[in-house]
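To keep things clear, I will list the structure first and then write my remarks on it.
Index from 1, following the sequence.
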Amino acid sequence: MLALIQRVTEASVRVDGETVGAIGPGLLALVGVEPGDGPAQVERMARRLLGYRVFADAEGRMNLGLSATGGGLLLVSQFTLAADTASGMRPGFSTAAPPAQAEPLFNDLLRTCRQLHAGGVETGRFGAHMVISLTNDGPVTFLLRS
């Protein structure tokens, strides 16, 4: 499981013109599920998303995780993140879990984050064409692997 996280001042996701998820300051996480991922990867990713220290402390250093700031988390499923781009001019998707495997794991990640994070967790719509809007703060962007 991988997540491209971006520290944001705000982010939202729309499906068919309707906003289905939105946060203020916090993290936008684009999440890709890979074959072989399971409960251990879900648990580890949830803890990393909530604890990864990308927010400034009183001295301006990146020492605080999302849980410490109380910011929002916007989780968006993105199978293209797990694409094989090693060769050629077209991505391959054999390195991404099929939807029947990925959706339950993504939902488990969403449920786990909601249980662990009081700051609010929003999401898009699995498998839908989504339009993401964000204001990256920093910019601060990291790729996490579970």
- Heavy atoms of Leu105 and Pro39 approach each other most closely as CD2-N, 4.4 Å
- Message: Going by salt bridge (charged side-chain N to carboxylate O under 4.0 Å, His left out), name the residues that satisfy it together with Arg111, two or more places apart in sequence or in a different chain.
- Response: Asp108
- Item | Glu10 side, atom CD; Asn136 side, atom CG - distance, nearest 0.5 Å | 12.0 Å
- Kindly compute the distance separating CE (Met1) from CZ (Arg145), expressed to the nearest 0.5 Å. 12.5 Å
- Shortest non-hydrogen contact from Arg114 to Glu122? NH2-CA, 4.3 Å
- Task: Return the minimal non-hydrogen interatomic distance between Ala97 and Pro35, and the atom names on each side.
- Result: N-CD, 3.6 Å
- Query: Is there a chain of hydrophobic side chains (I, L, V, M, F, W, Y, each step under 4.5 Å between heavy atoms) that links Val42 to Leu50?
  - Reply: yes
- Item | Verdict with supporting geometry, Met45 and Asp37, side-chain contact (heavy atoms from CB on, under 4.5 Å) | CA-CA 11 Å; Met45 184 58 76; Asp37 285 346; over 6 Å; no
- Message: What's the separation between atom CG in Leu28 and atom CG in Leu4, rounded to the nearest 0.5 Å?
- Response: 8.0 Å
- Message: Hydrophobic clusters here meaning ILVMFWY residues chained together by side-chain heavy-atom distances under 4.5 Å, can you tell me if Leu116 and Phe106 are in one?
- Response: yes
- Message: How long is the straight-line distance from CG of Asn63 back to CZ of Arg53, given to the nearest 0.5 Å?
- Response: 5.0 Å
- Any side-chain heavy atom of Leu49 within less than 4.5 Å of one from Cys113? yes
- Task: Would you sort out whether Val140 and Met62 count as a side-chain contact (heavy atoms from CB on, under 4.5 Å), showing the intermediate values?
- Result: CA-CA 10 Å; Val140 173; Met62 283 193 215; 4.0 Å; yes
- Message: Looking at Gln41 and Gly38, would you say the former's side chain and the latter's main chain have a donor-acceptor pair under 3.5 Å?
- Response: yes
- Message: Starting from Leu64, can I reach Val54 by hopping between I/L/V/M/F/W/Y residues whose side chains sit under 4.5 Å apart?
- Response: yes
- Query: If every non-hydrogen atom of Ala11 is compared with every non-hydrogen atom of Val8, which pair is closest and at what distance?
  - Reply: CB-CG2, 4.1 Å
- Message: Please determine whether the number of non-hydrogen atoms from other residues, nucleotides or ligands lying under 6.0 Å from atom CZ of Arg47 exceeds 12.
- Response: no
- Check against side-chain contact (heavy atoms from CB on, under 4.5 Å), Ser146 and Arg48: CA-CA 8 Å; Ser146 62; Arg48 294 197 82 199; 5.6 Å; no
- Message: Given 3.5 Å as the limit, does a donor-acceptor pair link the side chain of His117 with the main chain of Gly71, or not?
- Response: yes
- Note on the structure: In this structure, CD1 of Ile5 is separated from CG of Leu144 (nearest 0.5 Å) by 4.0 Å
- Task: Apply side-chain contact (heavy atoms from CB on, under 4.5 Å) to Val121 and Leu110, showing your working.
- Result: CA-CA 8 Å; Val121 180; Leu110 178 62; 3.7 Å; yes
Could you pull out all donor-acceptor pairs under 3.5 Å where a side-chain atom in residues 72-86 meets a protein atom, sequence neighbours excluded?
from	atom 1	to	atom 2	distance (Å)
Gln78	NE2	Thr80	OG1	3.0
Asp84	OD1	Ala86	N	3.0

- Message: For Ser133 versus Arg14, what's the shortest heavy-atom pair and its separation?
- Response: OG-NH1, 3.9 Å
- Is it true that a side-chain atom of Arg7 and a backbone atom of Phe55 form a donor plus acceptor pair closer than 3.5 Å? no
- Side-chain heavy atoms under 4.5 angstrom apart, residues restricted to Ile, Leu, Val, Met, Phe, Trp, Tyr: same cluster for Phe142 and Ile23? no
- Not counting sequence neighbours, which residues clear ring-ring contact (aromatic ring centres under 6.0 Å, His included) with Phe126? List them please. none
- Query: Do the side chains of Leu27 and Val13 join up, straight or via other hydrophobic residues, at under 4.5 Å, putting them in one cluster?
  - Reply: no
- Query: For the atom pair CG (Leu109) and OG1 (Thr123), what is the distance rounded to the nearest 0.5 Å?
  - Reply: 9.0 Å
